[in-house]
Number of protein chains: 2
Amino acid sequence: MHMKSSLAQSQWPVSVATAPACEGCGLVERCFLAKPLPDDDGDCADIVRRRYPIERGERLYRRNTPFTSLYQVCSGSLKTQRETPEGDLVVTGFFLPGDVVGIDALADRQYQSDAYANIDTEVCQLDFERLLSHCAHKPGLNAWIISMIGSYVRRKDSDLSWSCSLQTHQRVLRFFLDLHERLTQASHTQSSGLSLPMKKQDIASYLHMTPETLSRNLAQLRREGLLHLHDNRFTLPDTTRARAITGL
Amino acid sequence: MHMKSSLAQSQWPVSVATAPACEGCGLVERCFLAKPLPDDDGDCADIVRRRYPIERGERLYRRNTPFTSLYQVCSGSLKTQRETPEGDLVVTGFFLPGDVVGIDALADRQYQSDAYANIDTEVCQLDFERLLSHCAHKPGLNAWIISMIGSYVRRKDSDLSWSCSLQTHQRVLRFFLDLHERLTQASHTQSSGLSLPMKKQDIASYLHMTPETLSRNLAQLRREGLLHLHDNRFTLPDTTRARAITGL
DNA sequence: TCGTTTTCTTGATCCAGGTCTATTGGAAGC
DNA sequence: GCTTCCAATAGACCTGGATCAAGAAAACGA
């Protein structure tokens, strides 16, 4: 660990993975800095702006603005949404710790959606041009990018395959199963249930149903003992049965 | 153009972009060989197996087999499909000349779907490992990969945003508008209509509706003068109105 | 050419989920 | 405290598209 000096005016901190800002982050397995650059000597530090805070409701980027950076979520949660021609908003994705946001902008270098923080959130901003320019002499970095994009593609593909074909109660259940899985792998804490980091109407929008339908289905799932949900905390008492119902 | 010799037993032809197999291909703008390697000296030739033919109904790769190659369509058309837990098949994508197939396998190095030829088809097979290994000294290649994946992501994202929220007749119309655009940019020929390279039941599956519903909607669109479709050839007489209806 | 098979089309019925309305609950502001 | 506002529930109704059933038309092999 050389170079711990911080240039006060610099937007990009120059210190590396184990620097103060990374302490207590909790993201190890999927972190951009930890994985492809385990023994980084500091020359990649200009890529990243670490633990950049976004408060609840704040916008991270806007649709149709030039693409400059990808963002990896450290804590909290983001959503992306876009507007239909009729003028109403549709939520296109939820992003949890470890997830990378902004990948939809790769094609034409313009963000394709608006990104908002669902709750108070921290992200690591990754300058994409600098990221690419480091690939040549950091083979692990290229692999990290490919696999990161790969995960995004896989998610979109699987979303697409069930978002329409399943019934509403199956979609709801599947959403909670997925969320449960992603939240536990991110934080490892299995306390008294997990907290639901987004609003119900956003869930409804994401699942292509009305808030009323979501509400009815939640009530039904509670009645059947498949989901506990109270005060924005939830547990899945019977994941085996839930999986069977959703077809997993 | 050096090195036009062909090693008879070699699976991988050693000649380059303008070699015999590429003559009359027609793909220029989006071709893997033409774009990132315009002045290639032949050292990338081990990446590609050019114009590999697949006949109608034949399978290119199978789900849950190890990922080795990406395939760029030269001529013809492919579909990818997967099986639902209930056992019925869902078409997840159509691929036309210029499109790259197999991207969904990047995440866990296993193909996520079955790929079949809709009609007699030619593809260029790209060995992925060799492709990556050439990235370090071919900056244009890395950019090509990123932008290729980017296009795929954009397509999936936009599919996801309309596949559920639109009514069936809008989805059908949008499908034909999209197909028209992709086919004309690929071939530049605007003869007496474009030929429809896939079966109607596959279109129905892809659009998340029953063949019956598709058929009814096609009849309706014909009646309204928005679509001509006969003998697997189609034209869109009024794209302006069609776009307005689908919200574009 | 024919007969067989598969794909496509049309009509009649039914139900999941959207729409509309009203009510309840909870958080922010004064 | 009370009010305001928006999110969340619940009931009554309605419609788009699935389902079921049957017929027409291609595609295919002999």
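Hydrogens, waters and symmetry mates are skipped; everything else that's a heavy atom, side chains included, is used. Chain letters run A, B, ... following the sequence lines, proteins first and then strands; every chain starts at 1.
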For the pair made of [atom1] in [X] and [atom2] in [N], what is the distance, rounded to whole Å?
X: A:Arg222; N: D:dA8; atom1: CZ; atom2: P; answer: 11 Å
X: B:Glu86; N: D:dA18; atom1: CD; atom2: C1'; answer: 15 Å
X: B:His169; N: D:dG16; atom1: NE2; atom2: P; answer: 10 Å

Five pairs at each end of the helix from C:dT9-D:dA22 to C:dC30-D:dG1: take the axis at both ends and give me the angle between them to 10°. 40°

What distance do [X] atom [atom1] and [Y] atom [atom2] have between them, rounded to the nearest 0.5 Å?
X: A:Asp104; Y: B:Leu160; atom1: CG; atom2: CG; answer: 11.5 Å
X: B:Leu227; Y: B:Thr239; atom1: CG; atom2: OG1; answer: 12.0 Å
X: B:Arg171; Y: B:Thr213; atom1: CZ; atom2: OG1; answer: 9.0 Å
X: A:Arg109; Y: A:Thr65; atom1: CZ; atom2: OG1; answer: 13.5 Å

Of residues 199-216 of chain B, the positions that come close to DNA chain C - non-hydrogen atoms, cut-off under 4.0 Å: B:Lys199, B:Lys200, B:Gln201, B:Glu212, B:Ser215, B:Arg216

Check each of B:Arg222, B:Arg216, B:Arg223 against B:Gln220 using the side chain to side chain donor-acceptor pair (under 3.5 Å) test, and report the only one that passes.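 For B:Gln220, the side chain to side chain donor-acceptor pair (under 3.5 Å) test succeeds with only one of B:Arg222, B:Arg216, B:Arg223, which is B:Arg223.
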
Test the A:Arg49-A:Tyr52 pair against the cation-pi criterion, namely NZ or CZ under 6.0 angstrom from the six-membered ring centroid and within 45° of the ring axis. yes

With the threshold set at 4.0 Å, does a side-chain nitrogen-carboxylate oxygen contact exist between [X] and [Y]?
X: B:Arg59; Y: B:Asp114; value: no
X: A:Arg154; Y: B:Asp108; value: yes
X: A:Glu181; Y: A:Arg174; value: no

DNA chain C: first to last nucleotide in contact with chain B (atom under 4.0 angstrom from a heavy atom), 5' to 3', is C:dT7 to C:dA12

Measure up the A:His180 and A:Phe234 rings against each other and bin them: parallel (under 30°), tilted (30 to 60°), perpendicular (over 60°).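 Answer is perpendicular, since the angle exceeds 60°.
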
Regarding A:Arg171, tell me which of base, sugar-phosphate or nothing describes its non-hydrogen contacts under 4.0 Å with the strands shown.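 Result for A:Arg171 = nothing.
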
Closest-nucleotide 5' rank along DNA chain C - winner of A:Arg56 and A:Asn217: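 The residue closer to the strand's 5' end, by nearest nucleotide, is A:Asn217.
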
Between B:Cys164 and A:Cys164, is the SG gap short of 2.5 Å?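 Cystine link detected, SG atoms below the 2.5 Å cut.
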
